[in-house]
Each structure stands twice: as C-alpha cells, then as structure tokens.
Amino acid sequence: GRPEKRLARLAGFATAAELWMLFDRVDLLGWCPGPKKRKAKHFLSRGYFKHCRDGHRFPIQDARLAASRIVQFGDLARSYALVVLCGRLVAAAFGLRQKNVPWTQESEGVKYLVLPHPSGASHLWNDEVNWHRAA
C-alpha cells in the first residue's frame, strides 16, 4: 500500500517490489484495527492544517505478543545485522523505549534502528533533510 511505497521511495528505490527483493519484512499485527478518533484540536474548523491523518489505533498487547514471538523464534541477532522497526509503538512492543524517532538501540544482542512509521501521520517525513538522515 501507500506506506510501503513511501518507505521504498525514502530508501531510494523506484518501487516497493525492488525494496522487498533486498529486504525481509514482517507486518507485526497483520491486521488494522481502524483509525484513531481525531482530537478536537486537530479539526480543520479549528484552524489545524498540519496533516489530515491521525494514524490508526494500535493494540499494544497484541503487538507485544507478536513481537515476543519474533524475538523468541526469529533468531534476529544471528540472521540480521540490523532490524529496522517502523514506528515508536512498534518499538515499544519490542520493549524499546525512547520518545523521539529516529534512534538506535541494542537489546539482547539485536541492533535496532527505529524510524517513524511511513504511514504519513509522522511529520518527520515531511522534511527532505530527514529522508537523507534515514537513508
């Protein structure tokens, strides 16, 4: 979908298919619980124009369970030099804690790079300077 196309573009690939030919991927949940309710302060009628998307709800308990299985059975430290997690809440599901993306962290021998989710809700991707920092 749109997020994978954005991720491919940010990584310098013409298509998502090119990106996935070189990198493995896992959708942590495999399903979407639906959009978040828009906060009143983000209504256009109140003069808010930064973005038109608020992201989706994130079932953290389900995500933690999925992440724990990936860590337990995925042999990440041996299989990958670096694991890229897209989204602060995805990182939290893996037990990583920090407020500002992007960041790097090592846990249980696995090196992680945490980037904002490519859904379009993150303002970080609106600045081209950050595209180059992420690459």
Side-chain angles (χ1 to χ4, degrees):
R2 203 175 275 166
E4 73 176 345
K5 289 176 184 172
R6 181 175 290 113
L7 190 61
R9 189 183 75 238
L10 291 167
F13 294 96
T15 67
E18 290 177 23
L19 177 68
W20 302 135
M21 285 175 58
L22 296 174
F23 296 94
D24 294 334
R25 67 176 165 165
V26 172
D27 185 343
L28 187 58
L29 294 173
W31 57 279
C32 180
K36 289 181 191 174
K37 286 193 170 230
R38 181 155 268 222
K39 295 177 184 175
K41 68 180 184 177
H42 291 153
F43 289 145
L44 294 174
S45 62
R46 296 229 174 138
Y48 186 83
F49 296 105
K50 264 190 169 176
H51 62 73
C52 297
R53 294 188 39 81
D54 297 310
H56 287 87
R57 293 183 312 234
F58 191 78
I60 192 69
Q61 293 300 101
D62 293 340
R64 284 185 181 131
L65 178 61
S68 71
R69 300 262 168 87
I70 291 170
V71 169
Q72 184 177 3
F73 301 112
D75 200 19
L76 298 178
R78 190 173 10 192
S79 300
Y80 301 99
L82 181 70
V83 174
V84 177
L85 302 176
C86 293
R88 186 179 48 79
L89 294 176
V90 171
F94 278 82
L96 307 180
R97 300 271 187 253
Q98 189 156 334
K99 298 256 183 209
N100 299 318
V101 287
W103 84 85
T104 58
Q105 189 171 337
E106 190 167 333
S107 177
E108 298 180 30
V110 180
K111 295 176 186 168
Y112 293 97
L113 169 62
V114 181
L115 297 174
H117 195 276
S119 64
S122 173
H123 298 270
L124 188 121
W125 296 131
N126 294 339
D127 186 346
E128 192 172 339
V129 169
N130 291 321
W131 302 357
H132 299 289
R133 283 185 61 213

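Between Val90 and Phe58 there is a side-chain heavy-atom pair separated by less than 4.5 Å. Side-chain atoms of Arg97 and Trp103, non-hydrogen and from C-beta on, never get closer than 4.5 Å to each other. For the pair Ile70/Leu28, a side-chain contact is recorded, criterion being any heavy-atom separation below 4.5 Å from C-beta on. Counting heavy atoms from C-beta on, the side chains of Trp20 and Glu4 come closer than 4.5 Å. In this structure, Phe94 and Val83 have side chains that are not in contact, with every pair of non-hydrogen atoms separated by 4.5 Å or more.
Rounded to the nearest 0.5 angstrom, Leu89 CG and Arg64 CZ are separated by 9.5 Å. The structure places CG of Leu65 at 11.5 Å from CD1 of Ile60, a figure rounded to the nearest 0.5 Å. Between atom CZ of residue Phe13 and atom CG of residue Leu22 there is a gap of 5.0 Å, rounded to the nearest 0.5 Å. The CZ atom of Arg88 sits 12.5 Å away from the CG atom of Leu96 when rounded to the nearest 0.5 Å. The line from CZ of Arg9 to NZ of Lys5 is 11.0 Å long, rounded to the nearest 0.5 Å.
Linking ILVMFWY residues whenever their side-chain heavy atoms come closer than 4.5 Å, directly or via other members, places Val26 and Val110 in the same cluster. Placement of Leu85 and Leu29 within a single hydrophobic cluster is found when ILVMFWY residues are connected by side-chain heavy-atom separations under 4.5 Å, directly or transitively. Residues Leu115 and Leu82 share a hydrophobic cluster, clusters being chains of Ile/Leu/Val/Met/Phe/Trp/Tyr side chains in contact below 4.5 Å.
Counted by atom type alone, Gln72 and Arg69 present zero donor-acceptor pairs between their side chains at under 3.5 Å.
The minimum heavy-atom distance linking Pro33 with Pro59 is given by the pair CG-CD, 3.7 Å. Closest approach of Ala93 to Ala67, counting heavy atoms only: O-CB, 3.3 Å. Taking each heavy atom of His117 and Cys86 in turn, the nearest pair found is CD2-O, 3.3 Å.
Other residues, nucleotides and ligands contribute only 12 or fewer heavy atoms inside 6.0 Å of the CD atom of Glu108.
The only member of Leu7, Val114, Leu113 that meets side-chain contact (heavy atoms from CB on, under 4.5 Å) when paired with Val84 is Leu113.
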